[in-house]
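No hydrogens, no waters, no symmetry mates; every other heavy atom, side chains included, goes into these values. For this chain, numbers begin at 1 and follow the sequence in order.
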Amino acid sequence: VFGEHLYFGVWLSSGTTGLLRCQKTACERTLERLPAIADSLQALQVVDQRLGVLGGEQDWWIGSLALPDGTDKQVVIDRLPAVNSTRPLFLGGYVFWPLAVDENLYRCALPDCAGGPKKIMSYGGPTAYADGDRLFVPGDGAIVRIGALGDGPIERLLPDAMLSAAPDKVDVDGLNQPYAHAIAAGGGWLYAAVRAGGTGCPDCETTLSRWPAAGGT
């Protein structure tokens with residue numbers, strides 16, 4: 001959503017791809033395809049006055065388009081191998097994205113990745129989340145927190161009452177090991193869906209928990 005408009009990417013069985021826009025108050029009547037971009041778009045994120053996107057089909061590219069008309073295509077990085085469930089995070093003048101091929105999380109400076117990608121950490125998950133300049137990623141049952149837009153120390157945290165420091169390897173198969181299988185962040189908070197019994201107990205109770213993003217109960 002940007003201003004009075006809703007934006008979404010489209011891929012139809014007819015082969016039609018691109019970016020659509022409509023007014024929030026009358027979407028069906030005002031729906032239009034923006035002619036400046038014809039790519040298949042996998043993910044969208046409003047960043048200041050631009051729309052950050054993940055686009056492509058066989059090879060993917062990460063970049064942005066000027067709002068409100070989806071013009072001025074800027075490519076941060078292209079020819080990425082197609083991987084499933086990848087969603088870039090645009091934050092603080094950077095874009096962060098995981099690459100399943102080598103299971104790493106990378107960062108590029110906007111708008112053109114000057115200096116090349118920087119590896120932030122080894123990580124095989126689908127995306128990163130953020131609150132302020134802190135990044136959060138789920139990893140092997142723990143929650144990883146990195147400050148300073150990826151330049152801070154890497155902290156591994158357990159999804160317990162205090163966000164205690166986690167060991168290098170969490171026993172996610174242990175029946176008594178709390179396991180964070182989904183997270184989100186925002187508004188000064190870190191959220192997680194915490195399963196009581198790890199991956200070895202898919203039917204165990206799941207609790208939605210939150211902590212201050214900087215740490216605490």
Side-chain angles (χ1 to χ4, degrees), residues 1-3 6-7 42-54 62-67 74 76-77 85-100 103-168 170 178-195 206-217:
V1 173
F2 178 78
L6 169 68
Y7 296 80
Q42 314 290 336
L44 309 177
Q45 180 188 342
V46 173
V47 189
D48 297 325
Q49 302 295 309
R50 300 187 66 85
L51 187 66
V53 301
L54 171 69
I62 296 173
S64 67
L65 308 167
L67 293 172
Q74 294 180 356
V76 182
I77 190 167
S85 302
T86 296
R87 177 175 290 272
L89 170 68
F90 292 82
L91 179 71
Y94 296 100
V95 61
F96 301 82
W97 80 94
L99 196 60
E103 297 187 343
N104 290 325
L105 177 68
Y106 291 95
R107 183 185 76 184
C108 264
L110 302 176
D112 56 7
C113 203
K118 175 182 178 179
K119 176 185 171 182
I120 301 298
M121 62 175 289
S122 296
Y123 165 59
T127 193
Y129 302 85
D131 181 77
D133 69 347
R134 298 183 183 92
L135 301 177
F136 295 92
V137 294
D140 296 327
I143 300 171
V144 177
R145 180 175 60 196
I146 314 172
L149 294 171
D151 289 328
I154 297 174
E155 304 173 272
R156 288 175 50 81
L157 308 170
L158 290 173
D160 58 13
M162 290 292 297
L163 281 182
S164 303
D168 290 339
V170 177
Y179 169 63
H181 63 90
I183 69 169
W189 295 95
L190 166 67
Y191 300 86
V194 182
R195 186 171 292 153
T206 296
T207 301
L208 181 63
S209 303
R210 76 172 185 176
W211 307 263
T217 56

Engineer: Just so I know, are the side chains of P212 and W189 near enough to count as touching, which here means a heavy-atom distance under 4.5 Å?
Structural biologist: yes
Engineer: Taking the side chain as C-beta and beyond, is there a heavy-atom pair between S64 and V47 under 4.5 Å?
Structural biologist: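 A side-chain contact is absent here, since even the closest heavy-atom pair is not under 4.5 Å.
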Engineer: Just wondering, do L51 and F2 contact through their side chains at under 4.5 Å, heavy atoms?
Structural biologist: no
Engineer: Nearest 0.5 angstrom please: Q49 CD to L65 CG, how far?
Structural biologist: 14.0 Å
Engineer: Restricting to non-hydrogen atoms, name the atom on G152 and the atom on I146 that form the minimum distance, rounded to 0.1 Å.
Structural biologist: O-CG2, 3.4 Å
Engineer: Does a side-chain heavy-atom distance below 4.5 Å link L135 with L91?
Structural biologist: yes
Engineer: Can you tell me how far apart SG (C108) and OH (Y94) are? Round to the nearest 0.5 Å.
Structural biologist: 10.5 Å
Engineer: Show me the pairs that pass salt bridge (charged side-chain N to carboxylate O under 4.0 Å, His left out) and involve residues 109-118, at least two apart or across chains.
Structural biologist: K118-D151
Engineer: Working to the nearest 0.5 Å, report the span between CG of L190 and CG of L157.
Structural biologist: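 Result: 8.0 Å between the selected atoms.
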Engineer: Taking only residues two or more places apart in sequence, or in another chain, which ones meet R145 in a salt bridge (Lys or Arg N to Asp or Glu O under 4.0 Å)?
Structural biologist: E155
Engineer: Can a donor-acceptor pair be found, under 3.5 Å and without considering hydrogens, that links the side chain of D48 to the backbone of R50?
Structural biologist: no
Engineer: So, do V53 and I62 sit near enough that their side-chain heavy atoms are less than 4.5 Å apart?
Structural biologist: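 Answer no - side chains too far apart.
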Engineer: What's the verdict on side-chain contact (heavy atoms from CB on, under 4.5 Å) for V95 and L110, showing C-alpha distance, side-chain angles and the deciding distance?
Structural biologist: CA-CA 7 Å; V95 61; L110 302 176; 4.1 Å; yes
Engineer: For P159, does its backbone N or O pair with a side-chain atom of W211 as donor and acceptor, under 3.5 Å?
Structural biologist: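 Absent.
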Engineer: Restricting to side-chain hydrogen bond (donor to acceptor under 3.5 Å, both in side chains), what partner residues turn up for Q45, sequence neighbours left out?
Structural biologist: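 By the side-chain hydrogen bond (donor to acceptor under 3.5 Å, both in side chains) rule, Q45 matches no residue at all.
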Engineer: Locate the shortest heavy-atom distance separating A128 from L89; write the atom from each residue and the value.
Structural biologist: O-CD2, 3.8 Å
Engineer: Closest approach of A213 and D131, non-hydrogen atoms and distance?
Structural biologist: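 Closest pair (atom of A213, atom of D131, distance): CB-OD2, 3.6 Å.
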Engineer: If you compare all heavy atoms of V76 against all heavy atoms of A109, which two are closest, and at what distance to 0.1 Å?
Structural biologist: CG1-O, 4.0 Å
Engineer: Find the distance between CZ (F96) and CG (L105) and round it off to the nearest 0.5 Å.
Structural biologist: 7.5 Å
Engineer: How close do P138 and I183 get, heavy atom to heavy atom, and via which atoms?
Structural biologist: CD-CD1, 3.6 Å
Engineer: Taking all non-hydrogen atoms of both residues, which atom of R107 and which atom of W97 are closest, and how far apart?
Structural biologist: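 The pair with the smallest heavy-atom distance is C-CZ3, 4.0 Å.
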Engineer: So does A193 get a backbone contact from the side chain of T206, meaning a donor-acceptor N/O pair under 3.5 Å?
Structural biologist: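 No, because the side chain of T206 does not come within donor-acceptor range (under 3.5 Å) of the backbone of A193.
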